[in-house]
Each structure stands twice: as C-alpha cells, then as structure tokens.
Amino acid sequence: MVTKNVGGLDRLLRAIVGLALLGAFFAFPEAEWRYWMLIGIIPLATAAFATCPAYSLVGLSTCPRKTA
C-alpha cells in the first residue's frame with residue numbers, strides 16, 4: 001500500500017494546475033508548444049492518488065498528522 005503524502009489544499013492546487021495545463025493543450029490545437037501542456041497529467045495524477053513520488057524521496061508530507 002502506498003502512503004498518502006499529499007494533503008487537501010495541496011491536492012486541490014495540483015488538480016487546478018493539472019486541469020489548466022490540459023485545458024491549454026485542447027484549447028490551442030495548432031500551437032507547436034501544446035504538447036508541453038501534457039505535463040499536466042502529472043499534477044492531476046498526484047492529486048487523484050494523493051501521493052507524490054518526489055515527496056516520498058525527500059520525506060515530505062502535506063497530509064495532516066493523525067493522532068492515536
């Protein structure tokens with residue numbers, strides 16, 4: 001099981017950025033740079049799964065800590 005390390009506000013911002021980038025990909029079908037906007041898949045996926053591999057590498061987490 002993968003540990004979630006992306007909190008609520010972080011997930012929301014990642015989803016917004018991902019959707020904006022993918023929206024630009026579809027909004028500008030003739031632009032040469034449009035394929036760079038596919039990078040929006042990454043923040044969208046990390047928002048959907050609530051886990052970020054880069055956060056795991058450096059030991060970071062934006063999830064609230066659970067107390068027992």
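All heavy atoms count here, side chains included; hydrogens, waters and symmetry mates do not. This chain uses plain numbering: 1 for the first residue, then up along the sequence.
Counting only N and O atoms by type, the side chains of Asn5 and Thr62 include no donor and acceptor under 3.5 Å apart.
In terms of the ring-ring contact (aromatic ring centres under 6.0 Å, His included) criterion, residue partners of Phe28 (sequence neighbours excluded) are, by chain and number, Trp33. Partners of Thr51 under the side-chain hydrogen bond (donor to acceptor under 3.5 Å, both in side chains) rule, at least two apart in sequence or in another chain, do not exist in this structure. Listed by chain and residue number, nothing satisfies the side chain to side chain contact (heavy atoms under 4.5 Å, CB included) test with Phe26 (two or more places apart in sequence, or in another chain).
For the residue pair Met37 and Leu21, the shortest heavy atom distance occurs at CB-O, 3.1 Å. Here the closest heavy-atom approach between residue Phe49 and residue Lys4 is recorded as O-CG, 4.4 Å. Residues Ala47 and Ala15 approach most closely at CB-N, 3.8 Å, considering heavy atoms. Pro43 approaches Val17 most closely through the heavy-atom pair CG-CG1, 4.4 Å. Residues Leu22 and Gly40 come closest through the heavy atom pair CG-C, 4.3 Å.
Atoms CG and SG, on Asp10 and Cys52 in that order, are 7.5 Å from each other to the nearest 0.5 Å.
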- Go through Thr3 and Tyr55 one step at a time and tell me if the side-chain contact (heavy atoms from CB on, under 4.5 Å) criterion holds. CA-CA 11 Å; Thr3 304; Tyr55 278 10; over 6 Å; no
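Judged by distance alone, the side chain of Arg14 and the main-chain N or O of Leu44 form no donor-acceptor pair under 3.5 Å. At distances below 3.5 Å, at least one donor-acceptor pair connects side-chain atoms of Arg34 with backbone N or O atoms of Phe25.
Heavy atoms from other residues, nucleotides or ligands lying under 6.0 Å from CD1 of Ile39 number 12 at most.
Taken together through direct or relayed side-chain contacts under 4.5 Å among Ile, Leu, Val, Met, Phe, Trp and Tyr, Trp36 and Leu19 form part of one hydrophobic cluster.
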